[in-house]
Amino acid sequence: MVKALKAFRGGIRPGHHKSTSGMETVEMSLPSKVIIPMLQHVGTPCIPIVKKGDRVLVGQKIGDSDKPISSPVHSSVSGTVTDVRPLLLSTGTEVMAVEIKPDGLQEAHGSVRPPECRDRESLVKCIRDAGLVGLGGAGFPTAVKLTPPPGKNIDILLINGAECEPYITSDFREMMENPGEIIEGTKRILEISGAKKAFICIESNKPEAILKLNELLRGSNGISVVPLRTRYPQGGEKQLIYAVTGRQVPSGKLPSDVGVLVQNVGTASFIAEFLKTGMPLVKKKITVDGGAVTKPMNLEVLVGTPLREVFDFCGGFKKEPCKIIMGGPMMGVAQFSLDTPVLKQNNALLALTEEEAAEAPESVCIHCGKCVAACPMSLLPLYINSFVNLGRFDEVGKYHVNDCIECGCCSYVCPASRHLVQSVRYAKAELRKLEAHKKAEAQKQEAQKLEGAGQNDAQKAGAIRAVDQAEAQKPEGAGQAEKPRQHDTNRQEDNRNGK
Amino acid sequence: MENNLLAGSSPHLKSGVNTSNLMLDVVIALMPAAAASVYFFGFRAALLIIVTVLSCVLSEYVYCRLARRPDPISDYSAVVTGMLLAYNLSPAVPLWIAVIGGAFAIIIVKQLFGGLGHNFINPALAARAFLMASWPVQMTTWIIPGQSADAISSATPLALIKAGSEATGTLPGYWDLFIGNIGGTIGETSALALLLGAAYLVIKRVISLEIPLTFIGTVALMTWIFGGKHPFTGDFVYNILSGGLILGAFFMATDYTTSPVTSKGRLILGFGCGFITSVIRLFGGYPEGVSYAILLMNLTVPLIDRYIIPRSFGGAVKNA
């Protein structure tokens, strides 16, 4: 090795388990029904614009929202709407979902035609209308990401093909099967963002993809491939930016604050294809793997396909699955039902057996510091965990809890199987409540001042209501609250981008 | 089938390393030193190790049963404590002292403070200090390897230096120091065997090098500067190889529960241990200072961990 590969601090090296990397993507057959939730992105859920009994076509918009951070959803089949009903997502949120029975014709909607985009604004609008969200797993609306707040100049574009999560190979397959589209899409994102340089970032465990893209990029200016050290979470947005550019995204800030835009390889490739065909985001490449799956494979599935039908297409289960995970084993979300549909931002579907998903009982912390060494954000997970267990959320604030990207490295290495990330998630939620409480207190004081000055009662009542609400949510230990961290801008969605 | 699905929170993978694996690795790493001690001090050394380990394991078992603590002794930590305590005993120590030491280490120092992960000082070293205070004569009666157990001498190399007998030419050479052909406690004498075990721990990533390197480095530097008749003429190689420095730096100062979790904290601990060891060796009344240095620094660990909170990646310098 001539040059040290680019990397970041901390991290872990889980087994790759990428046994599906040699398997070409197969198109899955038409499912018997699709269930399309109105929330498949980070932001405001859409409102359904079709009703039971309507006939819909492929690519037809069936839900939209006028809120700034949102992304429309489209029908992935042609057929009849059989139901519009609430659906409980695995994240615990209940959203409306449109259930459609396909008629087998897969007739495209009239709106599906190559968009005519001349300038930057119309291009971003087309991308919004396509329902595109970050395909690395986070699902942040791409159009929003492509319009950074004014005054922030993007000079570097990173195309994230790190794919550092074990098992997942769908991005690798994308790079092997559609390298031309990825490069084309990269060029378009360069145009939109105004960045000068683009780097396609790939972990060193995918040499074929590095070779292939390098070959195609020969002679092209401004775009190059960066091989990265194979280390989880290399694909985490902040880690990736640091490894490639040496820039650190300040705590609570976004990549655009350091002049960087990160997009997943699948997102780039979709943009290229969309500009050619005009077909919105209605299907997704996913890796189906795990010890319980009879025939692991890479699939192209329609958005909304129930998990049960995906697994059936892969030959069903050869062993009883213990955990069904949407996404990778490090950050994916465990599902409680096989009727859950595949979402836009899914990149993998894993069915783990009992041995693979085995959880050892939590034992006492021996203070080994392995979580500290593994944390890519330089946090002290063991102390966050112990203060959370004591209910001392005032103390937890000192430990930079909100900087946690929830990559799971700490829990992975912990010899005592302590619930480290889990306690961080809990702490984040409690700190949010503390913030709300403090805000309400401030409002209450404001109201008292107003009272003294004989100001209008409605305003006062509103403030007092806010206090009561916060009071009801007040966490344990909030009484001793000194100075919890102020910012909560480090939203999970930004960190979740990439994997 | 659906009811059997686990819906726990991520991550869904585990490294497979657990507390017993880690402790077992330490036991393995201590084996070369055990072999060396048997080679140099004979069967007596093996007997002492076995008796001390048994005393620790039994104490833990009985205490946990009486206190109704779940699953005692399954994590091998009592075995590690027993081995380390034995390594800190002279081969001439009567067995009953070893038994009392083991019970003290486990019951008083470890279990009464909450058991594994909660003791504030290293149990083996605390027990050694207790035994030294209680039976000083037995604890400092040494055997010179190769001579029969009756041929009792009261001189470790460091004690010889302390007594000012450098000039008499009775000091063992560097090679004897390195392989362990000298007087001393049964586990500390063979630098070679200890380093073999330490290399295993480092390769298996059971320990990191911050503490051992700063510990040994500080001792080397200080004894080089202040150890000779004139400044910068001290024999630091001699100081590194003699006494319990290597055993202490790699196996005891790195004890998880009583060492800091951050890199910076570990550097502070290593430096502090090295500093105190050197001060005791050079200016103090005892010939050897490693164990007291570690015990003193153990007490600072909660403070170090409380105040060394690293800047988070991309975070502000100080936020507390």
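Residue numbers start from 1 in every chain, and the chains themselves are labelled A, B, ... in the order their sequence lines are given, proteins ahead of strands. What you see below is based on every heavy atom in this structure, not just the backbone, and it leaves out hydrogens, waters and symmetry mates.
Within the 4.5 angstrom heavy-atom criterion, only backbone atoms of A:Pro376 (N, CA, C, O) approach chain B. At a 4.5 Å heavy-atom cutoff, A:Phe8 makes no contact with chain B through either its backbone or its side chain. Neither the backbone nor the side chain of A:Glu354 comes within contact range of chain B; no heavy atom of the residue lies under 4.5 Å from a heavy atom of that chain. When heavy atoms are compared at a cutoff of 4.5 Å, A:Val249 approaches chain B solely by way of its backbone atoms N, CA, C and O. Contacts of A:Cys368 with chain B are made by both backbone and side-chain atoms, with heavy-atom separations under 4.5 Å. Contact of A:Leu350 with chain B is not made at all, since no heavy-atom distance falls under 4.5 Å. Proximity to chain B (any heavy atom under 4.5 Å) is shown, for A:Ser411, by both the backbone and the side chain. When heavy atoms are compared at a cutoff of 4.5 Å, A:Cys371 does not approach chain B at all. Only the side chain of B:Leu22 comes within contact range of chain A, judged by heavy atoms closer than 4.5 Å. For A:Ile324, the parts lying near chain B are the backbone and the side chain together; criterion is any non-hydrogen pair under 4.5 Å. Residue contact with chain B, scored on non-hydrogen atoms closer than 4.5 Å, involves the side chain of A:Leu352 exclusively. Residue B:Ser259 touches chain A through its backbone alone, counting heavy-atom pairs closer than 4.5 Å. Contacts between A:Ser90 and chain B at a heavy-atom distance below 4.5 Å are absent for every atom of the residue.
Chosen from A:Ala360, A:Ala373, A:Ser378, the residue pairing most often with chain B at heavy-atom distances under 4.5 Å is A:Ser378. Ranked by heavy-atom pairs under 4.5 Å with chain B, the list A:Gly408, A:Gly369, A:Cys322 is led by A:Cys322. With chain B as partner, the option from A:Pro14, A:Gly327, A:Ser417, A:Cys409 having the largest number of non-hydrogen pairs under 4.5 angstrom is A:Ser417. Among A:Leu379, A:Val421, A:Ile325, A:Val258, the residue with the largest count of heavy-atom pairs under 4.5 Å with chain B is A:Ile325. If you tally non-hydrogen atom pairs under 4.5 Å between each of A:Glu356, A:Arg9, A:Glu359, A:Lys370 and chain B, the highest count goes to A:Lys370.
Ring centers of B:Phe271 and B:Phe215: at least 6.0 Å apart, outside the cut-off. Between A:Tyr426 and A:Phe393, the gap from one ring centroid to the other is short of 6.0 Å.
Within 6.0 Å of atom NZ in A:Lys318, more than 12 heavy atoms from other residues, nucleotides or ligands are found, so the atom counts as buried in its surroundings. Within 6.0 Å of the OH atom in B:Tyr200, the count of heavy atoms belonging to other residues, nucleotides or ligands exceeds 12.
In this structure, A:Tyr167 and A:His17 have parallel ring planes: the angle between them is below the 30° cut-off, well short of the 60° mark.
For residues 292-303 of chain B, no residue pair satisfies the side chain to side chain donor-acceptor pair (under 3.5 Å) rule, not counting sequence neighbours.
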Kindly determine whether A:Ser251 and B:Arg311 satisfy side-chain hydrogen bond (donor to acceptor under 3.5 Å, both in side chains), including the steps that lead there.
-> CA-CA 10 Å; A:Ser251 167; B:Arg311 190 182 71 90; over 6 Å; no

Show the numbers, then the answer: is there a salt bridge (Lys or Arg N to Asp or Glu O under 4.0 Å) between B:Glu210 and B:Lys264?
-> CA-CA 8 Å; B:Glu210 292 112 330; B:Lys264 211 192 269 176; over 6 Å; no

Let me see the working for B:Ser77 and B:Lys110 under side-chain hydrogen bond (donor to acceptor under 3.5 Å, both in side chains), right down to the final yes or no.
-> CA-CA 10 Å; B:Ser77 62; B:Lys110 184 180 172 188; 2.8 Å; yes

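Expressed to the nearest 0.5 Å, how far SG of A:Cys407 lies from CE of A:Met377 amounts to 9.0 Å. Rounding to the nearest 0.5 Å gives a distance of 13.0 Å between CG of B:Asn119 and CD1 of B:Ile108.
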